[in-house]
Amino acid sequence: GRVSYVKPHGALYHRAGWDPVQAGAVIAAIRAYDAGLPLLAQPGSVAAVEASAAGLRVVAEAYADRAYHEDGTLVSRDQPGAVLTDPDAVARRAVGLVTGGTLPAAGGGQVRVLARSVCLHGDTPGAVSLARSVRCALEEAGAELAPFA
């Protein structure tokens, strides 16, 4: 196998999104291993901004199966409705994201999220059904599905 991109997982991903020290550690690790590897990050996050400034390729990503606040941050998993499991709803969100660059905000309205990669969590209940629904809906919407790395 071959590593083709870097995406910190879980708490490190979120911490690097707002903490310059953690973002710097991730960036240093990428540069030490292979500076040609892209970093997956939330658009506008500290990790994304600092990685780009360091000359790394950043691929902006968004979550189809997570709720967002109007400011573009994720709703905490300990809040009701933070993790979305309805295949049709998640598929509609993915289409809106890909075709219009927006997602519904938890409090109503829309949040602008410009992303090149759509993430679905493998630990979300019914993840395989979610992925099938998202892929089908994106294909029906005419979206080009292609790897970024």
Side-chain angles (χ1 to χ4, degrees), residues 1-86 89-124 127 130-131 133-135 137-139 141-149:
R2 171 183 151 324
V3 174
S4 56
Y5 64 93
V6 174
K7 178 179 176 175
H9 186 261
L12 178 59
Y13 179 91
H14 295 291
R15 180 74 180 250
W18 62 264
D19 182 345
V21 173
Q22 293 300 312
V26 170
I27 292 163
I30 294 169
R31 292 180 81 181
Y33 180 73
D34 181 351
L37 292 174
L39 172 66
L40 274 167
Q42 282 190 274
S45 67
V46 169
V49 171
E50 292 195 7
S52 183
L56 297 179
R57 180 175 163 224
V58 176
V59 176
E61 74 169 341
Y63 296 95
D65 60 355
R66 289 290 308 279
Y68 280 78
H69 292 292
E70 289 182 12
D71 67 359
T73 60
L74 293 171
V75 173
S76 175
R77 282 183 177 256
D78 63 4
Q79 299 298 309
V83 178
L84 309 170
T85 59
D86 177 272
V90 172
R92 281 192 305 276
R93 291 171 60 84
V95 170
L97 174 69
V98 170
T99 62
T102 62
L103 287 167
Q110 296 285 311
V111 60
R112 187 104 172 117
V113 183
L114 299 177
R116 178 141 188 250
S117 177
V118 177
C119 181
L120 294 170
H121 290 83
D123 61 347
T124 298
L130 293 177
S133 294
V134 166
R135 181 177 187 96
L138 289 173
E139 287 173 342
E144 180 184 342
L145 304 178
F148 59 81

Worksheet item: What do you reckon, is CZ of R135 surrounded by more than 12 foreign heavy atoms closer than 6.0 Å?
Response: no

Practice prompt. Compare all side-chain heavy atoms of Y68 with those of Q42 and state whether any distance is below 4.5 angstrom.
Written response: yes

Fill in: Interatomic spacing from CG in L138 to CG in L145 - rounded to 0.5 Å
5.5 Å

Worksheet item: Nearest heavy-atom pair of T85 and T124: which atoms, and what distance?
Response: CG2-CG2, 3.8 Å

Worksheet item: For the residue pair A23 and E50, what are the closest heavy atoms and their distance?
Response: CB-OE1, 4.3 Å

Worksheet item: Do you know which two heavy atoms are closest between A60 and L114, and how far apart they sit?
Response: CB-O, 3.5 Å

Discussion item. If you apply the rule side-chain contact (heavy atoms from CB on, under 4.5 Å), what do you find for K7 with S117, and how did you get there?
Written reply: CA-CA 12 Å; K7 178 179 176 175; S117 177; over 6 Å; no

Worksheet item: Mind checking whether V58 and P43 have side chains closer than 4.5 Å, heavy atoms only?
Response: no

Worksheet item: Backbone N or O of V75 within a donor-acceptor pair of the R66 side chain at under 3.5 Å?
Response: yes

Discussion item. If you apply the rule side-chain contact (heavy atoms from CB on, under 4.5 Å), what do you find for V3 with L37, and how did you get there?
Written reply: CA-CA 8 Å; V3 174; L37 292 174; 3.7 Å; yes

Worksheet entry | Sequence neighbours excluded, every pair satisfying side-chain hydrogen bond (donor to acceptor under 3.5 Å, both in side chains) that has a member inside residues 89-115 | T102-Q110

Worksheet item: Could you give all pairs that pass the ring pair (Phe, Tyr, Trp, His ring centres under 6.0 Å) test and reach residues 13-62, with sequence neighbours left out?
Response: none

Worksheet entry | Heavy-atom check, side chain of V134 versus side chain of V90, under 4.5 Å | yes

Fill in: For the student: nearest non-hydrogen atoms of E61 and L40, plus distance
CB-CD2, 3.9 Å

Worksheet item: So, S76 side chain and Q79 main chain: donor-acceptor pair closer than 3.5 Å or not?
Response: no

Worksheet item: In Å, rounded to the nearest 0.5 Å, how long is the span from CG of D19 to OG of S45?
Response: 12.0 Å

Worksheet item: How far apart are the closest heavy atoms of R77 and D123, and which atoms are they?
Response: NH2-OD1, 4.0 Å

Fill in: Side-chain (Y63) to main-chain (V83) donor-acceptor, under 3.5 angstrom
no

Fill in: CZ on R57 to CD1 on I30, rounded to 0.5 Å
12.0 Å

Item to complete: Starting at CD1 of I27, measure out to CG of L39 and round the result to the nearest 0.5 Å.
Response: 7.0 Å

Worksheet item: What heavy-atom pair brings L120 and A64 nearest, and what distance separates the two atoms?
Response: CD2-CB, 3.8 Å

